A.B. asks: 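Okay, here's the structure, questions in a sec.
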Amino acid sequence: MQCDIAIVGAGPAGLCFARALAGSGLKVVLVEQAAAERLADPPDDGREIALTHHSQRLMAKLGLWERLSEEEIGLLRQAKVLDGDDRDGLLFTPEEAGKDNLGWMAGNHAIRRAAWEAVAGQPDLTLLDGEKVSLVHADAAGAVLALSDGRELRAQLLIAADSRFSETRRAVGIRASMHDFGRTMLVCRMRHEVPHAQTAWEWFRYGQTLALLPLHDPQVSSAVLTLPQQEIRRLQAMSEDEFNRDMAARFDGRLGAMTRLAPPVAYPLVGVYPQRFVASRFATVGDAAVGMHPVTAHGFNFGLLSVDALSQRVLEAHRAGRPYWSDAVLHSYDIEHRAATRPLYEATRLIAGLYGNDRLPARALRKFALGLGRRAAPFRRLVMAGLTQDGGDMPFGGVRRTWVRLRPR
Ligand SMILES: Cc1cc2nc3c(=O)[nH]c(=O)nc-3n(C[C@H](O)[C@H](O)[C@H](O)COP(=O)(O)OP(=O)(O)OC[C@H]3O[C@@H](n4cnc5c(N)ncnc54)[C@H](O)[C@@H]3O)c2cc1C
């Protein structure tokens, strides 16, 4: 088989990349190990994704946003960062950024379904589902993929969208640094007595970190808890009643009684950043490019940035009759995406360290940072620009992606 562009992985990033090429005339083959039925109706994986204003616009451009129902979208009006037993915390409101809201929340499974619907019936796109890429070779002459059914696929350009542990990236010889945070994140959709007022909480309590992400229903949120894996396992083993009481107590009763609406799901926390995003005839997008720690809620937001940055370059070169697979096209993407993501990737490691550490110096530094946040207007504007990822009209616009919403380590 032969095509222009082969994409490995039909997660949200791979699907969005395929969608971005619609109408270009390029022949695209998308290879995914899961079955098409699962892609059309993805199971709920408990992840609720915070989306910036920029991501909302990109999703609208790709035809995803209109496919999310009203109930699937939560409004993120404001965010509150709490430390220890603090009651007021540091509040970030959209007015400071000249917006109506900081962003939106949508379930990962809903985003996946919308992305699948957006590519359905797309001319020049072939989906090979239930098909694992077992071998890959890419060099100046082109890319060759060996599929699990024994077929061979040849492409001018190979795109890896096969998760942060991308086998395709490894196969072409790109090294990646991995950071195991030694923590696991538990996510669980819960109903609570006290309404969330469309406010996200980031709460750094001693010995544990918590977050609350407001969903569409005023009394339903995603509760997020980060702890060592052995403690997460203990929580997962609890009966539903025990779990509900335990969570209400962790939130200090501030939300009243809490009831879980879905089984809790655990995610071990590992950050991954490759040495390069590209090689000859090869590029990475989504988590395969940058595997973020969810503390700054930016994995998919970065995934959309990568899709937009690379697809625009490919389409521009194709329209101009230049080779869209050239090193010049790929390197220019590499430079832009690195500049857009590296500062936040590194800052996230620092934040996760600072907020997962209960020793006295770290606690003092946290208090100082929050105090600074309350008093210093430039600091607040910088945070707001990061929260909305919409820094064009803000001072610090050039570094607008360096600080975003916090989540617990
Ligand atoms: C708890 C949690 C909370 C998060 N919260 C946020 C948030 O608030 N905001 C945000 O922006 N991001 C968030 N993220 C990150 C976001 O979920 C990811 O960035 C995004 O889902 C990654 O999409 P992807 O398409 O790159 O990769 P994936 O979703 O991992 O998809 C990869 C696909 O490749 C396929 N595949 C893999 N190997 C092969 C192979 N060899 N052959 C064929 N197919 C293959 C897989 O089956 C899969 O379908 C969060 C993540 C977690 C874990």
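Each ligand, and each atom within it, is numbered from 1 in the order the structure gives. For reference, positions follow the sequence shown, starting with 1. Bear in mind the structure is a predicted one, so any value in this text is a computation, not a measurement.
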A.B. asks: Could you tell me which residues satisfy salt bridge (charged side-chain N to carboxylate O under 4.0 Å, His left out) with Arg113, sequence neighbours excluded, listed by chain and number?
C.D. replies: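 Applying salt bridge (charged side-chain N to carboxylate O under 4.0 Å, His left out) to Arg113 gives Glu72, Glu117.
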A.B. asks: Under a 4.0 Å N-O cut-off, is there an ion pair linking Arg112 with Asp45?
C.D. replies: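 Asp45 and Arg112: not salt-bridged.
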A.B. asks: For ligand 1, which atoms have a heavy atom of Gly9 less than 4.0 angstrom away?
C.D. replies: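 Those atoms are 33 (C), 34 (O), 35 (C).
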A.B. asks: Among Val290, Val133, Leu305, which one puts a heavy atom closest to atom 42 (N) of ligand 1?
C.D. replies: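 Closest candidate by heavy-atom distance is Val133.
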A.B. asks: If we only consider heavy atoms of Arg164, is any one of them less than 4.0 Å away from an atom in ligand 1?
C.D. replies: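 Flag not set, Arg164 not near ligand 1.
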A.B. asks: Check each heavy atom of Val285 against ligand 1 and say whether those closer than 4.0 Å belong to the side chain, the backbone, both or neither.
C.D. replies: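 Under 4.0 Å from ligand 1, Val285 contributes no heavy atoms.
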A.B. asks: Evaluate Asn244 against Glu240 for side chain to side chain donor-acceptor pair (under 3.5 Å), listing each step before the verdict.
C.D. replies: CA-CA 6 Å; Asn244 291 340; Glu240 226 171 296; 5.1 Å; no
A.B. asks: Does an N or O from Ala34, backbone or side chain, lie closer than 3.5 Å to an N or O of ligand 1?
C.D. replies: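 By distance alone, the answer is no.
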A.B. asks: Where does the angle between the aromatic ring planes of Phe277 and Tyr333 fall among parallel (under 30°), tilted (30 to 60°) and perpendicular (over 60°)?
C.D. replies: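 Phe277 and Tyr333: tilted rings.
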A.B. asks: Would you say Arg154 has more than 12 foreign heavy atoms packed within less than 6.0 Å of its CZ?
C.D. replies: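 No, not enclosed.
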A.B. asks: Please check if atom CZ in Arg342 has more than 12 non-hydrogen atoms from other residues, nucleotides or ligands closer than 6.0 Å.
C.D. replies: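 Atom CZ in Arg342 is crowded, with more than 12 foreign heavy atoms closer than 6.0 Å.
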A.B. asks: Mind checking whether Tyr273 and Tyr345 have parallel, tilted or perpendicular rings, split at 30° and 60°?
C.D. replies: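 Tilted.
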A.B. asks: Considering the heavy atoms of Gly299, write down every atom of ligand 1 situated less than 4.0 Å from one of them.
C.D. replies: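 Those of ligand 1 that fall under 4.0 Å from Gly299 are 10 (C), 11 (O), 12 (N), 15 (C), 19 (O).
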A.B. asks: If we only consider heavy atoms of Pro12, is any one of them less than 4.0 Å away from an atom in ligand 1?
C.D. replies: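 Pro12: in contact with ligand 1 (<4.0 Å).
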A.B. asks: Polar contacts were defined as any N/O atom of the residue lying under 3.5 Å from an N/O atom of the ligand; does this apply to Val8 and ligand 1?
C.D. replies: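 No; the residue has no nitrogen or oxygen that sits under 3.5 Å from a nitrogen or oxygen of the ligand.
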A.B. asks: Suppose we screen for salt bridge (charged side-chain N to carboxylate O under 4.0 Å, His left out). Which residues come up paired with Asp129, at least two apart in sequence or across chains?
C.D. replies: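 Partners of Asp129 under the salt bridge (charged side-chain N to carboxylate O under 4.0 Å, His left out) test: none.
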A.B. asks: Measuring from non-hydrogen atoms of Gly303 to any atom of ligand 1, is the shortest distance under 4.0 Å?
C.D. replies: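 Judged by the 4.0 Å heavy-atom criterion, Gly303 does not count as contacting ligand 1.
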A.B. asks: With backbone taken as N, CA, C and O and side chain as the heavy atoms from C-beta onward, which portion of Arg47 lies under 4.0 Å from ligand 1: side chain, backbone, both, or neither?
C.D. replies: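 Under 4.0 Å from ligand 1, Arg47 contributes side-chain atoms alone.
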A.B. asks: Below 3.5 Å, N or O to N or O, backbone or side chain included: is there any such pair between Ala10 and ligand 1?
C.D. replies: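 There is no such contact.
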A.B. asks: Counting only heavy atoms closer than 4.0 Å, does ligand 1 sit against the backbone of Tyr267, its side chain, both, or neither?
C.D. replies: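 Answer for Tyr267: side chain.
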A.B. asks: What atoms of ligand 1 come closer than 4.0 angstrom to any heavy atom of Met185?
C.D. replies: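 Answer for ligand 1: 1 (C).
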A.B. asks: Tell me whether Asp287 has any N or O atom under 3.5 angstrom from an N or O of ligand 1.
C.D. replies: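 By distance alone, the answer is yes.
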A.B. asks: List every atom of ligand 1 that sits less than 4.0 Å from any heavy atom of Glu48, numbering the atoms from 1 in the order shown and giving each element.
C.D. replies: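 Reading through ligand 1 atom by atom, the close ones are 5 (N), 8 (O).
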A.B. asks: Please say whether more than 12 non-hydrogen atoms of neighbouring residues, nucleotides or ligands are located less than 6.0 Å from CD in Glu71.
C.D. replies: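 Count over threshold, so yes.
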A.B. asks: Are the side chain of Ser148 and the backbone N or O of Lys132 linked by a donor-acceptor pair below 3.5 Å?
C.D. replies: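 Yes.
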A.B. asks: Could you list which atoms of ligand 1 come closer than 4.0 Å to a heavy atom of Gly286?
C.D. replies: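 The atoms of ligand 1 under 4.0 Å from a heavy atom of Gly286 are 26 (O).
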A.B. asks: Using a 4.0 Å heavy-atom cut-off, say whether Met292 meets ligand 1 through its side chain, its backbone, both or neither.
C.D. replies: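 Contact part for Met292 vs ligand 1: neither.
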A.B. asks: Tell me if a side-chain donor or acceptor on Glu32 pairs with a main-chain N or O of Ala10 at a distance below 3.5 Å.
C.D. replies: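 Answer holds: yes.
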A.B. asks: Purely on distance, is any nitrogen or oxygen of Pro294 under 3.5 Å from one on ligand 1?
C.D. replies: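 It does not: no N or O of Pro294 is found under 3.5 Å from an N or O of ligand 1.
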A.B. asks: Of the listed options (Ile7, Asn301, Ile49), which comes nearest to atom 14 (N) of ligand 1 when hydrogens are ignored and any heavy atom counts?
C.D. replies: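 Ranked by closest heavy atom to atom 14 (N) of ligand 1, first place is Ile49.
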A.B. asks: Which atoms from ligand 1 have a heavy atom of Glu131 less than 4.0 Å away?
C.D. replies: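 Under 4.0 Å from Glu131, ligand 1 has these atoms: 43 (C).
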A.B. asks: More than 12 heavy atoms of other residues, nucleotides or ligands under 6.0 Å from CG of Asp180: is that the case?
C.D. replies: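 Yes.
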A.B. asks: Any salt bridge linking Asp4 with Lys27? Criterion: basic side-chain nitrogen under 4.0 Å from a carboxylate oxygen.
C.D. replies: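 The answer is no: the pair does not qualify as a salt bridge.
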A.B. asks: Any idea which atoms of ligand 1 are less than 4.0 Å away from a heavy-atom of Ala161?
C.D. replies: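 Reading through ligand 1 atom by atom, the close ones are 32 (C), 33 (C), 34 (O).
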A.B. asks: If only atom types and distance count, is the side chain of Arg169 paired as donor or acceptor with the main-chain N or O of Arg164 below 3.5 Å?
C.D. replies: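 Indeed, once roles are kept as given, a pair shorter than 3.5 Å links the two residues.
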A.B. asks: Out of all atoms in ligand 1, which are within 4.0 Å of some heavy atom of Ser163? Include the element for each.
C.D. replies: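 Every atom of ligand 1 under 4.0 Å from some heavy atom of Ser163: 30 (O), 32 (C).
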A.B. asks: Out of Gln33, His293, Arg38, indicate the one that has the non-hydrogen atom closest to atom 43 (C) of ligand 1.
C.D. replies: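 The residue whose heavy atom sits nearest atom 43 (C) of ligand 1 is Gln33.
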A.B. asks: Should Glu167 be listed as contacting ligand 1, given a heavy-atom distance under 4.0 Å as the test?
C.D. replies: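 Flag not set, Glu167 not near ligand 1.
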